[in-house]
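Chain letters run A, B, ... following the sequence lines, proteins first and then strands; every chain starts at 1. All values below were derived from every heavy atom in this structure, side-chain atoms included, with hydrogens, water molecules and symmetry-related copies excluded.
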Amino acid sequence: MAILVALIGFPVASTPAYAHGGVMLKSGSFGSYEWLVQIYPYPPDPGVGVITLFVFDVEAGAPVTDLVGEVLIALPGDPTPCCEVGQHRGPFALYTDEIIYPGDYTTYLPLDEPGEWQAKFVVNSPTHWFEVLVSIPVDVAPPGKVIDPQAIATQAAIMRAVAESIQQASASQSPLATPDPLQPTSPLTMAMLSPLATPLAGVGGAAPPVALSTDGLFPSRFNGWVWGGMALLVVVGAVASTLGLRTEE
Amino acid sequence: MIDLQSQGRYRLDLLSFPIVGAILRWKHNRTAAQFVLFGLAAAIIVDGFWGSPLAAKNVATVSAWVHYRGLVVLGLLVAGNLFCAACPFVLPRKLAKWLGRPTQRWPRALRNKWLALAGFVGIIYTYELFDLWASPWWTAWLTLAYFATAFVLEAFFTRNSFCKYVCPLGTFNFLYSTVSPLQISARSQQTCRDCKGHECINGSPSQQGCQLELFVPTLKSNLDCTFCLDCVKACPYDNVALVARPPGDELFRQTWPHRLDLAYLSLLAAFVGLINAVAMTPPIYDLERQMAAWLGTRSEALVLGVIYLVAAIGLPLGAAYSAAWLGNRWNQNKDSLNRLVMRYAYSFVPLGLAIWLAHYLFHFVTGAMTIVPAFQTLFADTLGIPLLGEPDWSIALWFVPSTGSIQITQLVVMAVGTLVSVHMTMRAAHGANPRRRGFWLEALPWLVLLFLLAAAGANTFTLPMEMRGSAIGG
């Protein structure tokens with residue numbers, strides 16, 4: 001049993017997970033807008049952080065879907081005020097899927113070292129403009145985890161590209177948009193999002209997005225460890241039960 | 001008639017404990033607990049209608065979709081049907097009964113779980129369709145609707161018909177309390193035999209008996225028991241015990257071989273649990289998009305309806321009857337397919353609970369502390385009375401475990417649930433074919449079905465899960 005759990009658990013424990021939404025880092029209001037910033041995973045290790053700004057118009061009683069924004073980030077310990085283009089990392093565009101996650105603006109940040117990062121959201125709409133400053137605490141990497149800034153940056157870039165294509169598909173085919181299955185959108189989404197997915201970028205470099213899409217939808221969503229472990233568990237359980245029941249006879 | 005204690009299997013009686021026993025026997029303990037949850041329900045309604053529209057900051061969405069769900073499944077696992085025991089929805093029952101003066105019993109044709117099962121599937125579908133986890137307003141409406149439904153039905157029908165035959169939440173609790181480690185039981189079989197009044201079910205002038213019509217000396221299961229402890233208070237001989245038993249014990253000792261409604265409930269609840277979890281992961285959105293394209297529609301109600309109809313009802317029933325047919329064929333049996341479904345469906349209860357637990361545990365452990373700033377916000381911002389101080393959202397970040405440790409816990413829960421389900425399946429096959437060495441042939445297709453459900457569930461918990469509805473989860 002312990003071996004089985006270890007077999008199943010090891011790949012899970014050793015890889016990060018990404019999700020929509022996440023832990024709320026900060027919230028506030030601007031005019032009639034209420035907003036909050038969430039990050040996932042939490043607490044983040046060095047890697048790609050999924051950061052989301054959710055904006056809701058209290059007067060209208062609906063999420064705000066017409067914003068355009070970007071994020072700049074400053075490394076831990078950076079003495080300069082956060083954040084300016086050219087001085088700090090970014091800008092990273094915010095993406096939204098107005099059908100499935102109305103009001104959410106997400107991007108993928110390369111948080112490749114531990115410490116207190118600073119992030120600045122700059123958000124525009126036809127009638128509003130505002131900035132949000134947040135701190136992002138990043139834990140030290142677990143023992144044995146290799147931090148490759150280049151690979152993390154590439155991974156984040158690919159995920160942003162995926163988010164952009166989802167945004168385009170969603171905007172063009174609402175309310176239940178269907179991205180072109182021949183495009184790498186869906187496969188990449190899951191390949192990159194799956195916590196157990198094979199890292200798409202190797203150490204020191206990255207495969208181009210087109211090549212990654214050939215992994216297809218299935219392998220990235222299908223976790224062999226989990227299915228194999230469960231199969232083994234059922235077989236072992238059934239055999240043990242059978243032996244036990246025959247002994248009872 | 002059984003007497004579990006006199007059989008010597010269950011020796012631990014919580015009612016005999018000095019302090020716990022006194023609290024449990026207190027005449028007003030249920031009402032007190034109900035008032036606490038009634039206060040919470042009031043907070044849900046107030047904050048849902050007048051509080052922050054951000055789900056992550058609102059007591060309605062945080063308490064209903066993070067805390068209630070997580071605590072209910074944990075309660076079922078470690079104790080029993082605690083929510084029904086403290087259910088706020090039936091607190092106005094006395095008023096309803098006084099107003100309605102009901103004389104009618106619940107219609108005979110509906111004295112089963114079909115209505116509750118439909119309500120259960122319907123409520124999960126509604127949850128998904130209206131994104132209830134993200135909407136304090138809808139959550140408040142749902143809470144109000146629940147109160148209204150309970151009140152009206154209590155006013156029209158005698159006994160606790162709403163609890164027993166209608167309530168989807170209660171039905172979920174009834175089903176999974178069969179796994180719980182606590183159960184009501186008679187202390188002495190002989191005392192019950194000698195009893196003339198049967199106050200445990202008929203009541204006495206000062207205390208009502210079981211309104212769900214459960215007769216203590218014949219109790220073999222937690223099914224339909226709300227843990228209200230009316231029977232304890234009504235028994236003039238102090239002959240009712242709240243015994244500790246091995247978790248899931250009843251499932252290994254008896255089933256309901258003639259209750260197709262319960263068999264369907266056991267089966268569908270497990271699959272609905274999976275769908276409910278999958279619905280919070282990215283693949284479901286891709287599926288929705290594809291379905292919309294295939295059907296040429298933009299109606300989410302239709303697309304989601306088709307997905308639920310197929311995945312939550314059609315697929316599990318089709319798979320179950322296929323497994324029954326294959327088991328019959330391989331084991332050269334001539335049992336009816338319904339009989340086989342009723343034989344094996346209960347094996348899905350432990351795995352089903354594992355799926356619900358793994359799912360809700362994720363939200364609960366990542367969002368447990370959110371309730372503090374959410375209540376601070378309710379008092380300070382919604383009510384304008386900062387009784388709990390100004391909202392401090394940094395509290396929400398306390399005690400959040402790492403994603404890896406949550407996922408390992410989820411997989412361990414799934415593994416344990418799967419093993420128990422497998423063992424139940426083998427016992428059911430052996431019990432039905434005691435002299436056949438090849439009894440496992442009948443169980444084989446069910447094992448395959450269990451494996452598929454377990455693996456799909458475990459796989460789901462390794463996917464990224466949506467976390468809307470609370471500051472740190474939901």
Side-chain angles (χ1 to χ4, degrees), chain A residues 1 4-5 8-9 12-24 26-27 34 36 38 40-43 54 56 58 61 100-101 104 142 173-179 181 186 189-190 193-196 217 221-223 226-227 229-231 233-234 237-238 240-242 244-246 249, chain B residues 52-54 56-57 137 282-283 285-286 288-293 297-298 300 303 366 370 393 396-397 400 402-405 407-408 411-412 414-415 418-419 422-423 425-427 430 434 437 439-440 443 447-448 450-451 454-455 458-459 462-474:
Chain A
M1 181 68 191
L4 268 178
V5 170
I8 295 170
V12 175
S14 60
T15 50
Y18 302 102
H20 178 84
V23 170
M24 190 175 83
K26 196 171 183 179
S27 68
E34 280 208 41
L36 57 85
Q38 293 172 292
Y40 194 88
Y42 186 89
F54 178 61
F56 193 95
V58 180
I100 291 175
Y101 303 121
D104 276 3
Q173 298 184 49
S174 63
L176 289 165
T178 309
S186 298
T189 305
M190 284 316 303
L193 289 178
S194 170
L196 301 178
L217 196 65
R221 292 181 174 181
F222 178 86
N223 190 290
V226 170
W227 286 78
M230 281 297 171
L233 198 67
V234 170
S241 281
T242 306
L245 290 166
R246 287 196 174 149
E249 286 173 4
Chain B
S52 168
L54 301 185
K57 298 173 72 176
W137 194 79
Y285 297 120
D286 288 347
E288 276 191 32
R289 289 187 175 105
Q290 288 172 358
M291 291 281 299
T297 181
R298 293 182 167 194
E300 191 183 4
V303 170
T366 53
T370 313
W393 286 95
L397 304 181
V400 181
S402 71
T403 307
S405 57
Q407 287 181 320
I408 288 177
L411 291 176
V412 169
M414 289 295 296
T418 305
L419 277 178
V422 165
H423 187 50
T425 304
M426 298 308 288
R427 280 190 77 98
H430 187 255
R437 294 193 68 78
F439 69 90
W440 59 272
L447 292 177
V448 172
L450 279 175
F451 155 69
N459 200 89
T462 64
L463 292 175
M465 184 167 281
E466 185 169 320
M467 296 176 72
R468 177 86 73 76
S470 79
I472 48 176

Colleague: Sequence neighbours excluded, which residues qualify as side-chain contact (heavy atoms from CB on, under 4.5 Å) partners of B:Thr418?
Modeller: A:Met230, A:Leu233, A:Val234, B:Leu351, B:Val422, B:Ala454
Colleague: Which pair of non-hydrogen atoms, one from A:Glu34 and one from B:Ser52, has the smallest distance, and what is that distance?
Modeller: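 Closest pair (atom of A:Glu34, atom of B:Ser52, distance): OE1-OG, 3.5 Å.
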Colleague: Who pairs with A:Ser241 by side chain to side chain donor-acceptor pair (under 3.5 Å), at least two apart in sequence or on another chain?
Modeller: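 For A:Ser241, the residues satisfying side chain to side chain donor-acceptor pair (under 3.5 Å) (neighbours in sequence not counted) are B:His423.
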Colleague: Write down the atom of B:Pro53, the atom of A:Phe56, and the distance for their closest heavy-atom approach.
Modeller: CB-CE2, 3.0 Å
Colleague: Please report the shortest heavy-atom distance between A:Val226 and B:Ala455, naming the atom on each side.
Modeller: CG1-O, 4.0 Å
Colleague: Nearest 0.5 Å, what's the CZ-CG distance between B:Arg427 and A:Leu245?
Modeller: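 CG of A:Leu245 is found 6.0 Å from CZ of B:Arg427.
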Colleague: Write down the atom of A:Ala238, the atom of B:Leu447, and the distance for their closest heavy-atom approach.
Modeller: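 Looking at all heavy atoms of both residues, the shortest contact is CB-CD1, 3.7 Å.
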Colleague: Do you know which two heavy atoms are closest between A:Trp227 and B:Phe451, and how far apart they sit?
Modeller: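 Nearest pair, atom of A:Trp227 first, then B:Phe451: O-CE1, 3.3 Å.
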Colleague: Given heavy-atom pairs under 4.5 angstrom as the criterion, report whether the side chain, backbone, both or neither of B:Met414 touches chain A.
Modeller: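 Both parts, heavy atoms under 4.5 Å.
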